[in-house]
Amino acid sequence: MKVVVTRTFKNIVKMRYDDGKLEVLANWFVTQKKLRQIISENADWINSCREKNKTSATEKNIGAESSTSNDLKQTRIFDYNDSRLISDMFSGRKILLLGDIVSVTQSLSSKTYLDGGALYISEKYYNQKAERLKAIKAYLKKIAALYVASEVASFGSGVSLCPVKIEFKDIKDSWIKCSLASQKILNIDYRITQLPQNLRIYIIAHAFAHFYNPAHDENFWNYMSNILPRYQDCLTELQKYEFLKDI
């Protein structure tokens, strides 16, 4: 039986059996070992699907009540007062990913990948700090293009507005550039991938607000208030993550 695993940042594990193939959708932080255990625990259901030779696909969600639910994300919450943690981030030993702390680990694989709350980097790039940070940067840009872009699309659907183009860049002095707002082009710092969801949404909302109001005037902030009533809390919290621009 062929098993195909697709990763997602959603806190779920879902299995789908179709025409002799088992498709598994799982959170990035579920280890391969844990996935094998989950598949083993659901062997009866899989065998039932195979024996019945169903012509239509069958899905099974691993619900919140499952014993596996507590293993989905075993990560630490970011504490900006933790000087040792900040030092590890500057050296590329740890990173923030979607607001969670992720350890950076050496891998024999040539690819950079996330598994079980750790980011694995090829030993070719891991041993030197500059190369390690470069590999992390490339991975964050990749996740931004895959994940944050979908958040932008989802937000755009909610306000009935779709940007023409989304670009993730190294902006440094800001989280977004709005100079092309009139053309509906979003320029977002790729480090947005490291922020928790509420701050990512704030930045996305801020960018969309500029589509209607180029300047930070009263109309702009009224628009922000209508979309995110507590946007000021996000603005204050976002300042704690400014150090990411210096890494």
Side-chain angles (χ1 to χ4, degrees), residues 7-9 28 78 80 86 88-102 104 111-114 119 121-122 125-126 128-159 161-216 220 223-224 227-228 231 234-247:
R7 294 292 188 167
T8 177
F9 282 105
W28 277 105
F78 171 61
Y80 66 92
I86 300 298
D88 284 342
M89 289 183 183
F90 272 88
S91 66
R93 301 293 183 182
K94 287 184 172 62
I95 65 167
L96 277 176
L97 186 60
L98 305 182
D100 289 324
I101 300 168
V102 175
V104 179
K111 297 181 179 180
T112 301
Y113 63 95
L114 186 69
L119 181 67
I121 295 178
S122 169
Y125 305 109
Y126 182 83
Q128 296 295 325
K129 174 184 174 181
E131 292 299 314
R132 189 165 59 247
L133 291 173
K134 184 178 179 180
I136 291 172
K137 178 178 179 179
Y139 181 79
L140 291 175
K141 284 187 173 182
K142 176 182 176 181
I143 294 301
L146 292 173
Y147 187 72
V148 179
S150 68
E151 289 187 320
V152 172
S154 177
F155 187 92
S157 297
V159 297
L161 179 63
C162 181
V164 174
K165 187 177 182 181
I166 307 171
E167 296 182 341
F168 296 98
K169 298 181 177 181
D170 187 350
I171 298 179
K172 287 287 189 183
D173 60 341
S174 177
W175 290 100
I176 54 174
K177 285 293 186 182
C178 305
S179 58
L180 299 178
S182 61
Q183 302 175 32
K184 302 296 186 290
I185 297 177
L186 290 185
N187 289 307
I188 306 177
D189 192 287
Y190 73 91
R191 298 174 185 84
I192 189 177
T193 315
Q194 299 183 265
L195 303 176
Q197 184 182 38
N198 64 318
L199 300 186
R200 297 196 307 273
I201 296 303
Y202 166 79
I203 292 172
I204 293 170
H206 190 116
F208 272 77
H210 278 296
F211 290 159
Y212 299 102
N213 304 278
H216 292 114
F220 175 91
Y223 180 87
M224 285 294 296
I227 297 178
L228 296 175
Y231 75 87
C234 293
L235 188 57
T236 300
E237 185 180 354
L238 187 59
Q239 295 175 358
K240 300 175 183 178
Y241 293 86
E242 286 297 321
F243 75 92
L244 293 173
K245 302 294 187 66
D246 296 324
I247 299 179

Colleague: What's the shortest heavy-atom distance between P163 and V152, and which atoms?
Modeller: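 That closest heavy-atom pairing would be CG-CG1, 3.9 Å.
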Colleague: Exactly one of Y231, Y212, F211 should register a ring-ring contact (aromatic ring centres under 6.0 Å, His included) with Y223. Which one does?
Modeller: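 So, applying the ring-ring contact (aromatic ring centres under 6.0 Å, His included) to Y223 and each of Y231, Y212, F211, only Y212 qualifies.
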Colleague: Find the distance between CD1 (I121) and CD1 (I95) and round it off to the nearest 0.5 Å.
Modeller: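 The CD1 atom of I95 is 7.5 Å from CD1 of I121, to the nearest 0.5 Å.
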Colleague: Would the number of heavy atoms belonging to other residues, nucleotides or ligands and lying under 6.0 Å from NZ of K245 be above 12?
Modeller: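 Atom NZ in K245 is packed in, count exceeds 12.
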Colleague: Between Y125 and R132, is there a cation-pi geometry (under 6.0 Å to ring centre, at most 45° from the normal)?
Modeller: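 Checked: cation-pi criterion not met.
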Colleague: Before you tell me yes or no, could you show the steps for K169 and K141 under side chain to side chain contact (heavy atoms under 4.5 Å, CB included), namely the whole-Å CA-CA distance, both residues' side-chain angles and the distance that decides it to 0.1 Å?
Modeller: CA-CA 8 Å; K169 298 181 177 181; K141 284 187 173 182; over 6 Å; no
Colleague: Supply the atom-to-atom distance L199 CG to L235 CG, rounded to the nearest 0.5 angstrom.
Modeller: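 If I round to the nearest 0.5 Å, the distance is 10.0 Å.
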Colleague: For the CZ atom of F208 and the NZ atom of K184, what is their distance to the nearest 0.5 Å?
Modeller: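 If we round to the nearest 0.5 Å, F208:CZ and K184:NZ are 10.0 Å apart.
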Colleague: Stepwise, does the side chain to side chain contact (heavy atoms under 4.5 Å, CB included) test hold for T112 with L119?
Modeller: CA-CA 7 Å; T112 301; L119 181 67; 3.8 Å; yes
Colleague: Check for a donor-acceptor pair, side chain of D88 on one end and backbone N or O of K94 on the other, with a separation under 3.5 Å.
Modeller: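 Checked: no pair found.
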Colleague: One thing to verify: whether R191 and D170 come together as a salt bridge, which I'm taking to mean a side-chain N less than 4.0 angstrom from a carboxylate O.
Modeller: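 Salt bridge: yes.
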Colleague: Taking all atoms of both residues into account, what is the closest heavy-atom pair of A209 and M224, and its distance?
Modeller: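 Closest heavy-atom pair between A209 and M224: CB-SD, 3.9 Å.
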Colleague: Step by step, would you call W175 with H206 a side chain to side chain contact (heavy atoms under 4.5 Å, CB included)?
Modeller: CA-CA 10 Å; W175 290 100; H206 190 116; over 6 Å; no
Colleague: At their closest point, which heavy atom of L133 faces which heavy atom of I247, and how far apart are they?
Modeller: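 It is CD2-CG2, 4.1 Å.
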Colleague: Are any non-hydrogen side-chain atoms of K142 and Y147 less than 4.5 angstrom apart?
Modeller: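 Answer no - side chains too far apart.
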Colleague: Is there any side-chain hydrogen bond (donor to acceptor under 3.5 Å, both in side chains) pair reaching into residues 149-158, and which pairs are they, with sequence neighbours excluded?
Modeller: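 For residues 149-158, and leaving out neighbouring residues, the side-chain hydrogen bond (donor to acceptor under 3.5 Å, both in side chains) pairs sorted by first residue read E151-R200.
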Colleague: Rounded to the nearest 0.5 Å, how far does OH of Y202 lie from CG of N198?
Modeller: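 Between N198 CG and Y202 OH, I get 11.5 Å after rounding to 0.5 Å.
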Colleague: Please give me the minimum heavy-atom distance between T193 and A144, naming the atom from each residue.
Modeller: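 Here T193 and A144 meet closest at OG1-CB, 3.3 Å.
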Colleague: Start with the C-alpha gap between L96 and Y241, add the side-chain angles, then the distance that decides, and say whether side chain to side chain contact (heavy atoms under 4.5 Å, CB included) holds.
Modeller: CA-CA 10 Å; L96 277 176; Y241 293 86; 3.8 Å; yes
Colleague: Where do L186 and A207 come nearest, in terms of heavy atoms and distance?
Modeller: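 Heavy atoms only, the tightest pair is CD2-CB, 3.4 Å.
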Colleague: What I'd like to find out is whether the side chain of I166 reaches to under 4.5 Å of the side chain of V148, using heavy atoms alone.
Modeller: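 I166 does not reach V148 side chain to side chain.
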Colleague: Nearest 0.5 angstrom please: L114 CG to L97 CG, how far?
Modeller: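 Reported value, rounded in 0.5 Å steps: 6.0 Å.
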Colleague: Kindly indicate whether the side chain of I192, heavy atoms from C-beta on, has any atom under 4.5 Å from the side chain of I176.
Modeller: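 Of all side-chain heavy-atom pairs linking I176 with I192, none is under 4.5 Å.
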Colleague: Would you compute the distance between atom OH of Y190 and atom CD1 of I171 and round it to the nearest 0.5 angstrom?
Modeller: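 Reported to 0.5 Å precision, the distance equals 11.0 Å.
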Colleague: State, yes or no, whether a side-chain contact exists between I203 and L238 at a heavy-atom distance under 4.5 Å.
Modeller: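 Yes, their side chains come closer than 4.5 Å.
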Colleague: With a sphere of 6.0 Å drawn around NZ of K165, does it hold more than 12 non-hydrogen atoms of other residues, nucleotides or ligands?
Modeller: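 Counting other residues, nucleotides and ligands, NZ of K165 stays at 12 neighbours or fewer.
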